[in-house]
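The model shown is predicted, which means the values in this text are computed figures rather than measured ones. Remember, it's 1-based here, ligands and their atoms both numbered in the order they're listed.
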Amino acid sequence: VPEVPSRAEVVGWDAGDPLAAVRERYLIPDPELIYLDGNSLGRPALAAIEALRHAAEVEWGAGLIRSWDDWARLPAQVGDLLAREFLGAHPGEVVVADSTSVNLYRLLVAALDHRAGRDCVVTESGNFPTDLYVVDGVAARRGLRVRRIAADLDEGFEPGAVAECLDDSVAVVTLSHVSYRSGALADMERITALAHEAGALVLWDLSHSVGSVPIRLADTGADLAVGCGYKYLGGGPGAPAFLYVRRELQERIVQPVWGWFGQSEQFRMSDRYEPRAGIGRFLVGTPPVLALRALEAGATQLAAAGTARLWAKSARLTGLAVDLTDGWLTDHGARLASPRDPARRGSHVCVAHPRAEELTARLIEGGVVPDYRGPERLRFGMAPATTRFVDVWDAWDRLRGLLAGG
Ligand SMILES: *Cc1c(COP(=O)(O)O)cnc(C)c1O
């Protein structure tokens, strides 16, 4: 049985944590609550709440339609912020718009048109449901084949498994960077290179990695990506998503929803669609201004914490969760259902147990909030800006108690 730190030891880790003060810049109305679902819905930054209030009272209330000059710049402005701080992308390669599902659809269709003549899309069996549905829906309409890499529920998949699905019929490979269930982290660099060797485009879903692990879109040569604004980034419920298009592709691919926010010289109200130069052509309709202000403030605060510190803390938090699972829970019929190698996982881990669904409900009743993810898994998300080491220790202690109590 591995050595497990004492509660006093992990309290000491929190005291020495350079991110400890960052937690105070979040709204935490119930300090007793142990919240381990920040990978589904991040906590609000105080700055995000203030930005919402300011946007409503000053920009909307006082500025009225005169505020549109500033608001119209927001999708690209927040896109550039995400590109620089979290995505390893260049300015002008990211824009914030719509939902992840809609962006995935739009970029997938654009990529397929660009690779017309090829009739296969590659994804993986454990991908997030909306990703699988979007792929199947597009494939059904266009009469394409879908190959799903048979991924391991706990370990994800190796680049070799992607390679086995590739040949010259594959138009697009679309995968999640971090698996929503196990937290398994895909090798973006290697997989992107393999897809390119086969002549396919790659479309990454970064929803569960953005804000918790380093991402290097430009360096890896990734073509396209989408991701969520309301998870680690802290944009709030319903925050818009982002999309990334590598600069060289922006004017070569055509997204399928032509709307007036993608139009050059929008307010000349031309009756013919002529897309703007650059990433702006991937916008469609009126942006959700209030939600963009919250996302901008939340992401700015997260970035200010220092991304290198965030990544390091995230690995230590999940490392503690792994050690506590091995040390305390395996005797009770539970086991780790996530990669053991810290370099192969994101910022959440799963614990598998036959009664996981009931245990999740019991934990929530007792003030610990994980998530249930079938089959038979408790999922714990560690948001590095707001989760303390002692939160992890206490949550595992409660779970150990529930398991021991039968
Ligand atoms: C959370 C998540 C989504 C959410 O999609 P929406 O359209 O924003 O609801 C999509 N894909 C992945 C991988 C996710 O984790």
Query raised in the report: Going by atom types alone, do H348 and D37 pair a side-chain donor with an acceptor below 3.5 Å?
Result: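 Looking only at side-chain atoms, D37 and H348 do not form any donor-acceptor pair under 3.5 Å.
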
Query raised in the report: Between the side chains of S176 and N127, is a donor N or O closer than 3.5 angstrom to an acceptor N or O?
Result: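 N127 and S176 do have a side-chain donor-acceptor pair below 3.5 Å.
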
Query - Contact residues of ligand 1 (heavy atom under 4.0 Å), by chain and number - result: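 Residues near ligand 1: S99, T100, S101, F128, T130, D131, S176, D205, S207, H208, C228, Y230, K231.
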
Query - Mutual orientation of the aromatic rings belonging to Y180 and H208 [parallel < 30°, tilted 30-60°, perpendicular > 60°] - result: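 Ring orientation of Y180 relative to H208: tilted.
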
Query raised in the report: Applying side chain to side chain donor-acceptor pair (under 3.5 Å), which residue pairs with at least one partner in residues 158-170 are found, sequence neighbours left out?
Result: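 Pairs touching residues 158-170 that pass the test: R145-S169, R147-D167, E158-R344, D167-S169.
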
Requested in this report: Quick one: which residue pairs count as a side chain to side chain donor-acceptor pair (under 3.5 Å) with a foot in residues 271-281, not counting sequence neighbours?
Outcome: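 Residue pairs with at least one partner in residues 271-281: there are none.
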
Requested in this report: Taking ring-ring contact (aromatic ring centres under 6.0 Å, His included) as the test, write out the residues that go with F389, two or more places apart.
Outcome: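 ring-ring contact (aromatic ring centres under 6.0 Å, His included) check on F389 returns W13.
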
